[in-house]
Q: 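The structure's right below; bear with me while I get my questions together.
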Amino acid sequence: MPELPEVETTLRAIEKFQGSKIQKVKIYNRNLRWKVVDCFESLSQKQFVESLERRAKYIIFNLSNNKSIILHLGMSGSLRIADNNENFFIKHDHVELIFDEQKIIYNDPRRFGSMHITSNVQKHKLIKDLGPEPLSKKFNAKNFYKACRYSKTNIKSFLMNQKNVVGIGNIYASESLFLSSISPLRDAQDLDLEDCKRLVASGKKILKKAIAVGGTTLKDFYSADGSPGYFKFKLNVYGRESEDCKKCGESIYKVVINQRATFYCKSCQT
DNA sequence: CGAAAAACCTGGCAGC
DNA sequence: TGCTGCCAGGTTTTTC
């Protein structure tokens with residue numbers, strides 16, 4: 001489900017828990033992408049959430065005992081906030097972080113998401129090899145162009161590889177390429193500096209716009225406060241196979257690249 | 001080694 | 001009403 005804008009939206013909805021104490025952790029199913037360790041509860045209960053942050057598509061809870069929870073929503077995960085006295089149990093609720101008045105519930109039908117607890121986030125295996133944040137200055141045309149030089153794959157796969165830049169998934173990869181008029185099938189190596197400038201600028205622009213409207217809800221993404229994301233209505237190509245290109249009117253094509261549906265306009269993107 | 005394919009899961013939907 | 005096959009916002013593991 002969630003790419004960077006959806007994770008950022010989720011983070012913002014739970015930011016109010018900063019400074020609050022996790023009174024209790026309940027785990028209904030430890031079998032996520034990796035098994036949630038047995039000591040997860042003992043390491044996180046009775047700890048304050050000193051800060052919350054996002055790195056790539058991960059949400060990180062920094063706790064008062066200097067441990068951190070690393071949470072990934074996978075393909076279908078979501079968080080929701082509930083009052084402690086509301087005891088609705090929804091299918092696929094796996095973990096509850098219970099605070100004084102409210103709780104954060106992690107729900108994930110496909111269980112591709114994960115929860116880890118660690119004493120060093122930066123050195124954690126899931127974090128250490130991640131590329132630059134797309135909204136940071138490290139993600140710029142010059143660096144991106146340099147990385148493209150070493151690549152042997154197509155630009156769409158390159159964009160989705162979290163070692164090159166983080167946070168961009170299947171939707172925003174197609175959308176960024178449309179906005180920069182670059183075909184997803186082009187070899188990354190084939191891009192010149194001007195292409196990279198447009199692509200980097202487009203990526204930043206789209207992610208910012210998507211964050212501003214709460215991300216993209218295709219079917220089942222909701223922020224932790226229950227609201228959907230409205231970027232779906234701004235999508236130019238994703239999910240629009242054989243519909244008209246909003247720029248030139250030609251038909252939008254769907255191709256499969258690395259087993260992922262990819263949408264583009266053959267006449268606008270070369 | 002890097003790139004492509006398969007794998008991990010469940011649910012929804014189209015087609016028969 | 002099934003049942004089957006395919007598709008889904010991600011990332012690791014396996015294979016080539």
Side-chain angles (χ1 to χ4, degrees), chain A residues 1-11 28-36 54-59 70-79 90-94 106-116 124-131 134 147-177 184-190 203 206-207 210-211 213-224 228-241 254-263:
Chain A
M1 159 195 51
E3 301 182 38
L4 187 146
E6 293 75 42
V7 177
E8 182 68 28
T9 299
T10 301
L11 173 74
Y28 301 107
N29 189 349
R30 313 188 89 89
N31 298 309
L32 307 182
R33 182 69 168 79
W34 292 276
K35 191 156 188 151
V36 180
R54 179 190 58 72
R55 172 73 174 109
K57 297 172 192 167
Y58 296 93
I59 290 176
I70 301 176
L71 166 69
H72 197 287
L73 297 172
M75 200 87 134
S76 57
S78 61
L79 299 181
I90 296 180
K91 200 174 180 185
H92 307 300
D93 281 353
H94 304 312
Y106 169 70
N107 180 287
D108 186 359
R110 293 175 75 181
R111 283 186 279 122
F112 285 174
S114 62
M115 283 184 95
H116 286 84
H124 194 273
K125 63 169 182 176
L126 296 175
I127 304 293
K128 63 180 172 61
D129 295 323
L130 292 171
C148 284
R149 302 280 82 206
Y150 295 102
S151 167
K152 230 190 129 184
T153 191
N154 59 79
I155 185 58
K156 200 250 186 171
S157 301
F158 185 84
L159 213 46
M160 288 179 67
N161 184 337
Q162 306 293 300
K163 285 181 180 170
N164 300 321
V165 56
V166 301
I168 298 176
N170 207 36
I171 295 177
Y172 300 108
S174 281
E175 294 297 318
S176 312
L177 287 163
L185 298 162
R186 284 258 298 272
D187 283 347
Q189 216 170 43
D190 179 52
I206 283 171
L207 293 173
I211 291 169
V213 295
T216 301
T217 298
L218 290 181
K219 44 187 289 202
D220 55 9
F221 168 75
Y222 292 91
S223 177
Y230 294 98
F231 198 72
K232 179 182 178 180
F233 304 105
K234 310 218 175 202
L235 295 176
N236 285 307
V237 285
Y238 187 88
R240 299 190 63 245
E241 184 183 15
K254 175 183 168 183
V255 286
V256 175
I257 298 178
N258 275 10
Q259 311 171 106
R260 309 302 300 273
T262 306
F263 301 87

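Lettering of chains follows the sequences in order, A, B, ..., and the numbering in each one begins at 1.
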Q: Taking atom C1' of dC9(B) as reference, at what distance in whole Å does atom CG of Asn31(A) sit?
A: 11 Å

Q: Nearest whole Å is fine: how far is dT11(C) P from Trp34(A) CH2?
A: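 Value for this atom pair: 10 Å.
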
Q: Which whole-number value in Å describes the distance from Asp187(A) CG to dA3(B) P?
A: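 In whole Å, dA3(B) P lies 11 Å from Asp187(A) CG.
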
Q: At 4.0 Å (heavy atoms only), tell me whether Ser174(A) reaches a base, stays on the sugar-phosphate, or touches nothing.
A: nothing

Q: Taking atom P in both dA5(B) and dC7(C), what distance in whole Å separates the two?
A: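 The answer is 15 Å between these two P atoms.
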
Q: dT10(B) phosphate, OP1 or OP2: any side-chain N/O from Arg111(A) under 4.0 angstrom?
A: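 Affirmative; the distance criterion is met.
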
Q: Rounding to an integer number of Å, can you tell me how far Asp108(A) CG sits from dG9(C) P?
A: 15 Å

Q: Nearest-Å distance, CZ (Arg30(A)) to P (dC9(B))?
A: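 Going from CZ in Arg30(A) over to P in dC9(B) covers 17 Å.
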
Q: Looking only at side-chain N and O atoms, does Tyr238(A) come under 4.0 Å of OP1 or OP2 in dG9(C)?
A: yes

Q: May Phe112(A) be described as stacking on the base of dT11(C), applying a 5.5 Å centroid limit and a 30° limit on plane angle?
A: no

Q: So which nucleotide does dC9(B) pair with, by the Watson-Crick or G-U wobble rule with both distances under 3.5 Å?
A: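 By the stated definition (distances under 3.5 Å), nothing pairs with dC9(B).
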
Q: Are side-chain N/O atoms of Thr262(A) and Lys156(A) paired as donor and acceptor at under 3.5 Å?
A: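 Checked: Thr262(A)/Lys156(A) side chains pair up, N/O donor to acceptor below 3.5 Å.
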
Q: Between dA6(B) and dC6(C), how far apart are the P atoms? Round to whole Å, please.
A: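 Nearest-Å result for dC6(C) against dA6(B) at atom P: 13 Å.
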
Q: Taking for each residue the nucleotide of DNA chain B with the nearest heavy atom, is it Arg33(A) or His92(A) whose nucleotide lies nearer the 5' end?
A: Arg33(A)

Q: Separation of Asn258(A) atom CG from dG9(C) atom P, in whole Å?
A: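 Rounded to the whole Å, the gap is 13 Å.
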
Q: Taking Gln162(A) for the side chain and Ala56(A) for the main chain, is one N or O donor matched with an acceptor at less than 3.5 Å?
A: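 Side chain of Gln162(A) to backbone of Ala56(A): no pair is present.
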
Q: If you measure only the distance, is there a donor-acceptor pair under 3.5 Å linking the side chains of Tyr106(A) and Ser78(A)?
A: no

Q: Using the side-chain heavy atoms of Ala261(A), tell me which of these nucleotides is nearest: dA8(C), dA3(B), dG10(C).
A: dA8(C)

Q: Can you check whether Tyr150(A)'s main-chain N or O pairs, donor with acceptor, with Gln189(A)'s side chain at less than 3.5 Å?
A: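 Pair absent, no side-chain N/O of Gln189(A) close to backbone of Tyr150(A).
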
Q: Using OP1 and OP2 only, check whether a side-chain N or O of Arg260(A) sits under 4.0 Å from dG9(C).
A: yes

Q: For the ring pair Tyr28(A) and His94(A), is the centre-to-centre distance below 6.0 Å?
A: no

Q: Checking base pairs now: Watson-Crick or wobble, both atom distances under 3.5 Å. What partners dG9(C)?
A: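 Pairing partner, where one exists within any strand: none, as none qualifies.
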
Q: If you compare every side-chain N and O of His72(A) against the phosphate oxygens of dG10(C) (OP1, OP2), does one of them come in below 4.0 Å?
A: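 The answer is no; no side-chain N or O of His72(A) sits under 4.0 Å from OP1 or OP2.
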
Q: Kindly say if Gln259(A) contacts the phosphate of dA4(B), meaning a side-chain N or O under 4.0 Å from OP1 or OP2.
A: no

Q: In whole angstrom, what separates Ile90(A)'s CD1 from dT10(B)'s P?
A: 18 Å

Q: Below 4.0 angstrom from OP1 or OP2 of dG11(B), is there any side-chain N or O of Lys91(A)?
A: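 So the side chain of Lys91(A) is within the cut-off, an N or O lying under 4.0 Å from OP1 or OP2 of dG11(B).
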
Q: Distance check, P atoms only: dG5(C) and dA7(B), in whole angstrom units.
A: 16 Å

Q: Identify which nucleotide among dT11(C), dG11(B), dG10(C) has an atom closest to any side-chain atom of Asn170(A), counting heavy atoms from C-beta outward.
A: dG10(C)

Q: Roughly how far, to the nearest 0.5 Å, is the CG atom of Leu235(A) from the OG atom of Ser174(A)?
A: 9.5 Å

Q: Measuring from the side chain of Arg110(A) (C-beta onward, heavy atoms only), which nucleotide among dC9(B), dA3(B), dG10(C) has the closest atom?
A: dC9(B)

Q: Would you find more than 12 non-hydrogen atoms of other residues, nucleotides or ligands less than 6.0 Å from Lys125(A) atom NZ?
A: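 Result for NZ/Lys125(A): enclosed.
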
Q: Kindly say if Ser157(A) contacts the phosphate of dA3(B), meaning a side-chain N or O under 4.0 Å from OP1 or OP2.
A: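 Negative; the distance criterion is not met.
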
Q: Determine whether the aromatic ring of Phe221(A) stacks with the base of dG9(C), defined as ring centroids separated by less than 5.5 Å and ring planes inclined by less than 30°.
A: no

Q: Could you state the atom-to-atom distance from CG of Leu159(A) to C1' of dG10(C) in whole Å?
A: 15 Å

Q: Let me know, please, whether Asn154(A) or Lys219(A) comes out on the 5' side of the other along DNA chain B by nearest nucleotide.
A: Asn154(A)

